[in-house]
Amino acid sequence: MRKLQLIQQIVEEGVVAVLRGDTPEEVVALAEQAIAGGIKVIEVTMTVPFALQAIETLARKYTSQPSDAANYAIIGVGTVLDPETARQAILSGAEFVVGPSLNPATIALCNRYRVPVMPGVMTVKEMLEALELGVDIVKLFPGNLYEPAIIKALKGPVPQANIMPTGGVSLDNLAAWVKAGAIAVGIGSDLTNEAVKTGDYSLVQKKAAAYVAAYKQAKMA
């Protein structure tokens, strides 16, 4: 049941912060600002040096139980290329796993431990393979190669697919992605670029709040 609850929570939140950085401390600081701004689903990528340290720190600080509103956040791992990495991240506290591509062995491992897994796909063939392997949400990646209308095209032959575009989603096009049928969206560099460049991490909190507001408005439209 916990896996289903987590998937429902991720869908209800709708916005996933995809965080990269040069150190685990930097990523933790960015995550804290994103969470303070209202983005409650955090994906720490494995491209971060000592990424597992960041995941463990965040997983100890936050809980995925919505009843604890003051400390509520769902911490997951991204850029997972293989099952070995997925298992390490899960043991460090990651509650969902995201990959840039479709790796059947990673999906099998996540299903074994009842952990939500979101592999990256680009084609109907990959999407169907993911569904047949038991995936609940597929990540359309890289999203900046497409227009939002691609979701309607993909859902024509595969209406049962739950699609989360990641890469290229911005405040300007977020509403279009949601209107097209995105079940959630992944926000990457646009969330953190300015903060990292200026050293003012509070900008992440402001940008996160803007994304959450834009998403809620798009869902109500």
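Here the structure is a predicted model, which is why all the values come from computation and not from measurement.
No side-chain heavy atom of P24 sits under 4.5 Å from any side-chain heavy atom of T57. A heavy-atom distance below 4.5 Å is not found between the side chains of K207 and I187. Between V15 and V41, every side-chain heavy-atom pair lies at or beyond the 4.5 Å cut-off. Inter-residue side-chain proximity for W177 and I150 is flagged as met; some heavy-atom pair is nearer than 4.5 Å. By the 4.5 Å heavy-atom criterion applied to side chains, V16 and M118 are not counted as neighbours. Two residues are said to be in side-chain contact when any heavy atoms from C-beta on lie closer than 4.5 Å; L6 and F96 fail this criterion. Here the side chains of M122 and L145 are in contact, with some heavy-atom distance below 4.5 Å. Considering only heavy atoms from C-beta on, V80 stays 4.5 Å or farther from V117 through its side chain.
A side chain to side chain contact (heavy atoms under 4.5 Å, CB included) with I55 is found for exactly one of V28, V44, I90, V27, namely V44.
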Atom pairs and distances, side-chain donor-acceptor, residues 97-109, under 3.5 Å, sequence neighbours left out:
{"from": "N103", "atom 1": "OD1", "to": "A105", "atom 2": "N", "distance (Å)": "3.2"}
{"from": "N103", "atom 1": "OD1", "to": "T106", "atom 2": "N", "distance (Å)": "2.8"}
{"from": "N103", "atom 1": "OD1", "to": "T106", "atom 2": "OG1", "distance (Å)": "2.9"}
{"from": "N103", "atom 1": "ND2", "to": "L81", "atom 2": "O", "distance (Å)": "3.3"}

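Of the possible polar contacts, one joining the K40 side chain to the I35 backbone as a donor-acceptor pair under 3.5 Å is found. With hydrogens and angles disregarded, a donor-acceptor distance shorter than 3.5 Å links the side chain of N111 to the backbone of L133. Remark: side-chain polar atoms of D82 are paired, donor with acceptor, to backbone N or O of T85 under 3.5 angstrom. Checking side-chain atoms of N144 against main-chain N and O of G167 turns up no donor-acceptor pair under 3.5 Å.
There is no side-chain donor-acceptor pair under 3.5 Å between R20 and T192.
Within a 6.0 Å sphere centred on CD of E12, heavy atoms belonging to other residues, nucleotides or ligands number more than 12. Annotation: E194, atom CD; neighbour count of heavy atoms from other residues, nucleotides and ligands within 6.0 Å does not exceed 12.
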* Derivation of the side-chain contact (heavy atoms from CB on, under 4.5 Å) call for K3 and C110 -> CA-CA 10 Å; K3 176 185 175 183; C110 291; over 6 Å; no

* To do: Before giving the answer on side-chain contact (heavy atoms from CB on, under 4.5 Å), spell out for T45 and E43 the whole-Å C-alpha distance, their side-chain angles and the decisive distance to 0.1 Å.
  => CA-CA 6 Å; T45 70; E43 175 189 328; 4.3 Å; yes

* Verdict with reasoning, E129 to V121, per side-chain contact (heavy atoms from CB on, under 4.5 Å) -> CA-CA 10 Å; E129 184 178 353; V121 302; over 6 Å; no

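For residues 211-221, the set of pairs meeting the side-chain hydrogen bond (donor to acceptor under 3.5 Å, both in side chains) definition, not counting sequence neighbours, comprises D190-Y211.
Under the rule for a salt bridge (charged side-chain N to carboxylate O under 4.0 Å, His left out), the partners of K61 that lie at least two apart in sequence or sit in another chain are E32. Residues that satisfy the salt bridge (charged side-chain N to carboxylate O under 4.0 Å, His left out) test with R114, not counting sequence neighbours, are absent from this structure. For K155, there are no salt bridge (charged side-chain N to carboxylate O under 4.0 Å, His left out) partners, not counting sequence neighbours. Residues passing the salt bridge (charged side-chain N to carboxylate O under 4.0 Å, His left out) test with E56 are R60, sequence neighbours excluded.
Note that the CD atom of Q205 and the CG atom of L191 stand 11.0 Å from one another [nearest 0.5 Å]. Note that CG of L154 and CE of M127 are 4.0 Å apart. Values are rounded to the nearest 0.5 Å. In this structure, the separation between CG on L58 and OG on S92 is 11.5 Å, given to the nearest 0.5 Å. If you take CD1 on I183 and CD1 on I163, they are separated by 9.5 Å, rounding to the nearest 0.5 Å.
Among all heavy-atom pairs drawn from A218 and L174, the shortest one is CB-CD2, 4.3 Å.
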